[in-house]
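Chain letters run A, B, ... following the sequence lines, proteins first, then strands; residues in each count from 1.
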Number of protein chains: 2
Amino acid sequence: MGRSKERSGKEGAAVVSSLHDKEFKLELFFPYLTRVFYSHVTRTVSRIYGEQYAMKPHEWRTMAILGVRESLTPAQIMERSSMDKVSVSRAITGLRKRGWILERTNKNDGRSRVLRLSSTGRKVYDNLVPQMIRLEKRLLEDLSPEEVNVLTGLMKRVQEAAKRVPQSDERET
Amino acid sequence: MGRSKERSGKEGAAVVSSLHDKEFKLELFFPYLTRVFYSHVTRTVSRIYGEQYAMKPHEWRTMAILGVRESLTPAQIMERSSMDKVSVSRAITGLRKRGWILERTNKNDGRSRVLRLSSTGRKVYDNLVPQMIRLEKRLLEDLSPEEVNVLTGLMKRVQEAAKRVPQSDERET
DNA sequence: AAATTATGGTTTCATTTGAAACTTTGTCAA
DNA sequence: TTGACAAAGTTTCAAATGAAACCATAATTT
């Protein structure tokens with residue numbers, strides 16, 4: 001569950017668009033490389049919470065946000081996690097079923113509730129966090145701290161460029 | 001379709017595991033950053049083939065592999081694309097329905113068929129490729145060629161490390 | 001105050017996808 | 001030659017997920 005079936009790519013050759021001039025090569029296409037990269041990384045993560053707690057990605061992410069020792073509304077969880085409201089809602093429902101969150105009405109907004117981890121949920125969280133940290137160390141073990149900074153910085157810049165790519169219903173001016 | 005609902009992260013601060021020592025922060029957790037990064041990138045791609053041809057990710061990838069001017073079996077498509085056989089099978093079924101591939105039996109293996117793009121499929125491919133190349137340029141426009149090399153190289157190394165992360169049913173020696 | 005619009009969150013429906021089972025053909029060992 | 005095992009690919013089933021609709025409450029406009 002949540003396990004990608006992609007197998008490893010063949011080469012890490014430089015990807016410059018001009019390489020496609022002669023013939024488009026999927027294996028050099030940056031979005032494709034991103035997908036393969038992502039599926040390898042995410043597989044390692046989902047395996048941890050998937051196998052130990054039968055958790056889904058959005059449930060883990062929601063729990064991770066609630067790990068801060070404060071109460072949050074679903075809207076705040078959305079803001080801090082970049083998940084959409086449906087995903088957050090479903091994740092909350094799942095965590096609620098497990099008895100991992102406590103809820104009370106939101107005095108400021110009758111439509112909303114305020115959530116926090118229950119003691120049981122806190123235990124699950126406290127058990128997963130060191131494993132996640134250990135996993136992250138392993139993923140980045142081949143990189144120096146400088147390289148990690150470079151990698152995340154470059155990812156960020158591509159991400160910003162991706163956000164600037166116009167929607168098809170938008171005319172680029 | 002295929003559209004992630006993640007919104008942009010807040011910061012690109014250095015991600016070093018020691019940052020979690022005080023308190024685990026999802027927004028600094030590398031796998032999480034990878035997911036957000038990936039969802040932004042993939043959204044730009046799927047929008048192109050999704051809106052113009054109602055294509056799904058695996059269909060585009062299969063078409064991209066078949067874009068080489070040779071005939072391939074599903075197994076060869078699997079190898080070249082890192083997709084699993086179920087995904088390839090479903091993608092082929094979809095492309096077949098659209099009339100975008102031609103097939104003949106594989107003389108070397110009665111279970112298999114040999115596939116290539118039909119003239120209609122070739123047209124779709126030829127229309128999508130320059131758009132994909134243009135998109136890739138936009139995604140990478142903020143990066144110098146050297147930075148692109150660095151980024152893909154670092155992604156590759158993390159990917160390799162991810163592959164070395166043991167399965168939970170494997171004992172690490 | 002009442003009407004309209006917006007928001008927070010949930011639910012429904014259809015599609016996608018992951019895992020496993022299945023069928024046919026190919027390979028290999030006895 | 002026969003049987004066991006493996007491979008190539010498809011199909012089934014259940015779960016996940018995307019998009020849209022829905023409901024109740026809040027905010028804004030008239």
Between A:R96 and A:E103, does at least one N-O distance fall below 4.0 Å, as a salt bridge requires? yes
Kindly say whether B:G99 contributes a backbone atom to a donor-acceptor pair with the side chain of B:S118 at under 3.5 angstrom? yes
Between P on D:dA16 and NE2 on A:H58, what's the gap in Å once rounded to a whole number? 12 Å
Identify which one of A:R113, A:K107, A:R111 satisfies the side-chain hydrogen bond (donor to acceptor under 3.5 Å, both in side chains) criterion when paired with A:D109. A:R111
Find the distance B:L72:CG to D:dA8:P and express it as a whole number of Å. 15 Å
Whole Å only: how far is the CZ atom of B:R113 from the P atom of D:dA8? 14 Å
Whole-Å distance separating the NZ atom of A:K85 from the P atom of C:dA6: 13 Å
Sort out for me which residue in B:R157, B:K156, B:R164 forms a side-chain hydrogen bond (donor to acceptor under 3.5 Å, both in side chains) with A:D142. B:R164
Could I get a table of every N or O pair under 3.5 Å where one atom is in the protein and the other is in nucleotides 24-26 of chain C?
residue	atom	partner	partner atom	Å
C:dT25	O3'	B:G110	N	3.4
C:dT25	O2	B:R111	NH1	2.9
C:dG26	OP1	B:G110	N	2.9
C:dG26	O4'	B:R111	NH2	3.4

Interatomic distance where NZ belongs to A:K56 and P belongs to C:dT17 [whole Å]: 17 Å
Using the side-chain heavy atoms of B:V86, tell me which of these nucleotides is nearest: D:dG9, D:dT11, D:dT17. D:dT11
Residues in side-chain hydrogen bond (donor to acceptor under 3.5 Å, both in side chains) with A:R134, at least two apart? none
Using modelled atom types only, decide if a donor and an acceptor are shared between the side chain of A:R98 and the backbone of A:Y53 within a distance under 3.5 Å. yes
Would you say B:T44's side chain and B:V41's backbone share a donor-acceptor pair under 3.5 angstrom? yes
Without decimals, in angstroms, what is the distance between A:K97 NZ and D:dA15 P? 11 Å
For B:D84 and C:dT17, what is the distance between atoms CG and P respectively, to the nearest whole Å? 11 Å
Once you apply a heavy-atom cut-off of 4.0 Å, does A:S89 come out as touching a base, just sugar-phosphate, or nothing? base
Would you indicate what A:R90 reaches in the nucleic acid, counting non-hydrogen atoms under 4.0 angstrom: base, sugar-phosphate, or nothing? base
Hey, does B:T93 reach any base, or is it just sugar-phosphate, or nothing, if we go heavy atoms under 4.0 Å? nothing
So, the side chain of A:Y32 versus the backbone of B:S81: is there a donor-acceptor pair under 3.5 Å, distance only? yes
Checking the side chain of A:S39 only, and the main-chain atoms of A:R35 only, is there a donor and an acceptor separated by less than 3.5 Å? yes
Rounded distance (Å) that lies between atom P of D:dT11 and atom CZ of B:R96: 8 Å
Can you pull out the residues from residues 63-71 of chain A that lie within a 4.0 Å heavy-atom distance of DNA chain D? none
